[in-house]
There are 2 protein chains.
Amino acid sequence: MDENKRKALEEAGWRVGSADEFLELTPEETAYVELKLTLANSLRDRRQAQHLTQVELAQRLQSSQSRVAKMEAGDPSVSLDLLIRSLLALGTTQEDLALILAP
Amino acid sequence: MDENKRKALEEAGWRVGSADEFLELTPEETAYVELKLTLANSLRDRRQAQHLTQVELAQRLQSSQSRVAKMEAGDPSVSLDLLIRSLLALGTTQEDLALILAP
DNA sequence: CAATAATATGTCATATCTGATATATTATCA
DNA sequence: TGATAATATATCAGATATGACATATTATTG
């Protein structure tokens, strides 16, 4: 899936804000990255709303602080699967997810 | 995540229709399985709506027919990540996803 | 009823993701 | 300011998901 393109962009200082098919990203790849960022932002929002630190969330998830940081950054090494499981662990429902994705 | 519980259920003839915290599934696990089945069903619907066979979809995804079958079955060996990427490959937008998840 | 297209199931080597760890950077506050 | 809490970044061994393949089962159609 060549997630490194985005990483490369960022390293080059490009700050992928929202929706960047900029260089070389197929529409699916763009949609994938956007989706990941949407979920990543939502995860951070929800964690903070529950007054949890990354360390505390990591404990709840049986994960590590560094991975939580990567999740919230939408890092290429994090799958949608992990992101969504983390949201579910914060009590996010399927309906909540729909609202997160809705325009 | 012990996805095998559900597999076990099904093998025991339990047909996990919708929402089975039945035996031993935590709320998150139940939500995860439900979500997976929602996406799995949607994938099948969309594939059929576009008159594609599993083989044809597999080609488009650079995957295999057997994996598409597993996706549509919500098999434990399939991640939400792959399911969602497959939906995106069928032209599903973030907004579409929201509708798929909405009650 | 074949024949064959479509889908399902099982296995496995490899690729990718993950938790852990170490360490760096950036708040926060006394 | 310095101390320290919170977050970010890098690396890697082990875990998990993946595509490929073989083969079985179930439509479909002639």
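None of the values given here were measured: they were computed from a predicted structure. All chains are named by letter (A, B, ...) in the order of the sequence lines, taking the proteins before the strands, and each is independently numbered beginning at 1.
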Give the nucleotide from the list D:dT11, D:dG19, C:dC17 with an atom nearest to the side chain of A:S79. C:dC17

A:L80 CG to D:dA17 P, straight-line distance once rounded to whole Å: 14 Å

Kindly point out which of D:dT7, D:dT9, C:dA8 is positioned nearest to the side chain of B:Q65? C:dA8

Residue whose nearest DNA chain C nucleotide is more 5′ - A:Q62 or B:L52: B:L52

Could you check whether B:V78 gets within reach of a base, just the sugar-phosphate, or nothing at all, counting any heavy atom under 4.0 Å? sugar-phosphate

Measure from CG on A:L57 to C1' on D:dT7 and round the result to the nearest Å. 13 Å

Distance, rounded to the nearest Å, where B:L61 contributes CG and D:dA17 contributes P: 18 Å

Kindly point out which of D:dA10, D:dT7, C:dA8 is positioned nearest to the side chain of A:R47? D:dT7

Interatomic distance where CZ belongs to B:R60 and P belongs to D:dG19 [whole Å]: 16 Å

Is a side-chain donor-acceptor pair under 3.5 Å present for A:S42 with A:D45? no

Under 4.0 Å between a side-chain N/O of B:S77 and OP1 or OP2 of D:dA17, yes or no? no

Between D:dT9, C:dT7, C:dT9, spot the one nearest the side chain of B:V55, thanks. C:dT7

Measure from the side chain of A:T53, starting at C-beta and using heavy atoms only, and say which of D:dA6, C:dT18, D:dT9 lies closest. D:dA6

Residue met sooner reading DNA chain D from 5', once B:L83 and B:S66 are mapped to nucleotides: B:L83

Tell me the interatomic distance from B:L82, atom CG, to C:dT16, atom C1', rounded to whole angstroms. 12 Å

When rounded to whole Å, the CZ to P distance for the pair A:R85 and D:dT16 reads 10 Å

Look at B:R47 together with B:E72 and state whether they make a salt bridge at an N to O cut-off of under 4.0 Å. yes

Could you give the CZ-to-P distance, from B:R67 to D:dG19, as a whole number of Å? 6 Å

Given 3.5 Å as the limit, does a donor-acceptor pair link the side chain of A:D81 with the main chain of B:L80, or not? yes

Backbone N or O of B:A31 within a donor-acceptor pair of the B:E34 side chain at under 3.5 Å? no

Measuring from A:N41:CG to A:K36:NZ, what's the distance to the nearest 0.5 Å? 13.0 Å

Considering only C:dT9, C:dG19, D:dA8, which nucleotide approaches the side chain of A:S64 most closely? C:dG19

Under 3.5 Å, is there any donor-acceptor pair linking the side chain of B:K70 to the base of C:dG10? yes

How many whole angstroms separate atom CD of B:E56 from atom P of C:dA6? 7 Å

